[in-house]
Amino acid sequence: MEPRDLALTVWFDGDCGLCTRIAKWLEGQPKFVPVHCVAAQQAAAHGCPFTLPDLLATITVTASDGAVYRGTNGWITVLWALRRYRSWALRFATPRWRPFAERLFAGIAGVAKWTRRRPTRQPRTAASPARLP
Amino acid sequence: MDTTLLAYLAYVAISVALTVWVGRTLHHNGRAFLIDVFARTELADSVNHLLVVGFYLVNFGYMSLALKLASRVATATEAVEALSYKVGLVLVVLGAMHFFNLFVFSRIRGHKRLVEAERPLPPDLRLPPLPTGNAPAAG
């Protein structure tokens, strides 16, 4: 059983046009589990323990129970939270579909890089940044 | 009694028997399915009963509407032909209802499986519980 008060936070690149659009789209989707989208540039102010370069490297999703998902795992976990796309998340997580999911999300990340604007001023990072693998 | 009336009586007897048979099959075999979906036996039994009542209403209603023959039948052969056509229609309607029922059951079940599905992947990293990012941290 998942915790009743489970919520996910997506730390996305606020300087990337596509990422911002996807975050907006996410906010409007019907959900099984609340999903909050926060620009990585504001992460420190929101108590995120990771550094900005770590967050910008790939999509990072944190769950309220302390679980952290990155990259394809992050995408799949976010899809799992959405009412309309949970069945896709379960499919993407299977060994058969996993390679396809990897390519799909790598493709989206590639397009996202092209839609980056000039970065905003980097805010101070958290006092003791956690290290990501 | 003329042949037409005999054909009507045979039609009613066969259709009622078929409908009751299918209804009982649904009632009997649908129960396990509904108990799995609703997790509460009394609720499952209640829904099962209501579904079967709806099933009987639709089928008896259709049967009754479809009873009238377009022309009177004179011979036994014509009676059998007319009867086979009408019973065939009832069977097709029963079959369609049956598959519709199965479709509804599997939709309900599939939805329940989705709602209950846990996160499909293990976390890449586990930290102490984190803030959810809906409000900036104080300070």
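All heavy atoms count here, side chains included; hydrogens, waters and symmetry mates do not. Each chain gets a letter, A, B and so on, in the order the sequences are listed, and its residues count up from 1.
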Distance (rounded to the nearest 0.5 Å) between A/Ser87 OG and B/Arg113 CZ = 10.0 Å
Does CH2 in A/Trp114 sit with more than 12 non-hydrogen atoms of other residues, nucleotides or ligands closer than 6.0 Å?
-> no
Under a 4.5 Å heavy-atom cut-off, does chain B meet the side chain of A/Tyr69, its backbone, both or neither?
-> both
Please indicate whether B/Arg31 has more than 12 foreign heavy atoms, meaning atoms of other residues, nucleotides or ligands, lying under 6.0 Å from its CZ.
-> no
Which heavy atom of B/Pro120 sits nearest a heavy atom of A/Ala89, and at what distance?
-> CG-O, 4.2 Å
Per the side chain to side chain contact (heavy atoms under 4.5 Å, CB included) rule, which among A/Thr77, A/Val33, A/Ile76, A/Leu90 passes with B/Arg119?
-> A/Thr77
Are any non-hydrogen side-chain atoms of B/Leu125 and A/Phe50 less than 4.5 angstrom apart?
-> yes
Sequence neighbours excluded, which residues qualify as ring-ring contact (aromatic ring centres under 6.0 Å, His included) partners of A/Trp75?
-> A/Phe105
Closest heavy-atom pair, B/Ala117 versus A/Arg86, reported as atoms and distance to 0.1 Å, is O-NH1, 3.3 Å
Within 6.0 angstrom of B/Lys112 NZ, more than 12 heavy atoms from elsewhere = yes
One should read off an interatomic distance between A/Phe32 CZ and B/Leu114 CG, to the nearest 0.5 angstrom, of 5.5 Å
Across all chains, not counting sequence neighbours, the side chain to side chain donor-acceptor pair (under 3.5 Å) partners of A/Arg98 are A/Asn73, A/Glu102
Side-chain contact test, heavy atoms from C-beta onward, threshold under 4.5 Å: evaluate it for B/Arg126 versus A/Asp65 and give yes or no.
-> yes
In this structure, are over 12 heavy atoms from other groups packed under 6.0 Å from A/Arg83 atom CZ?
-> yes
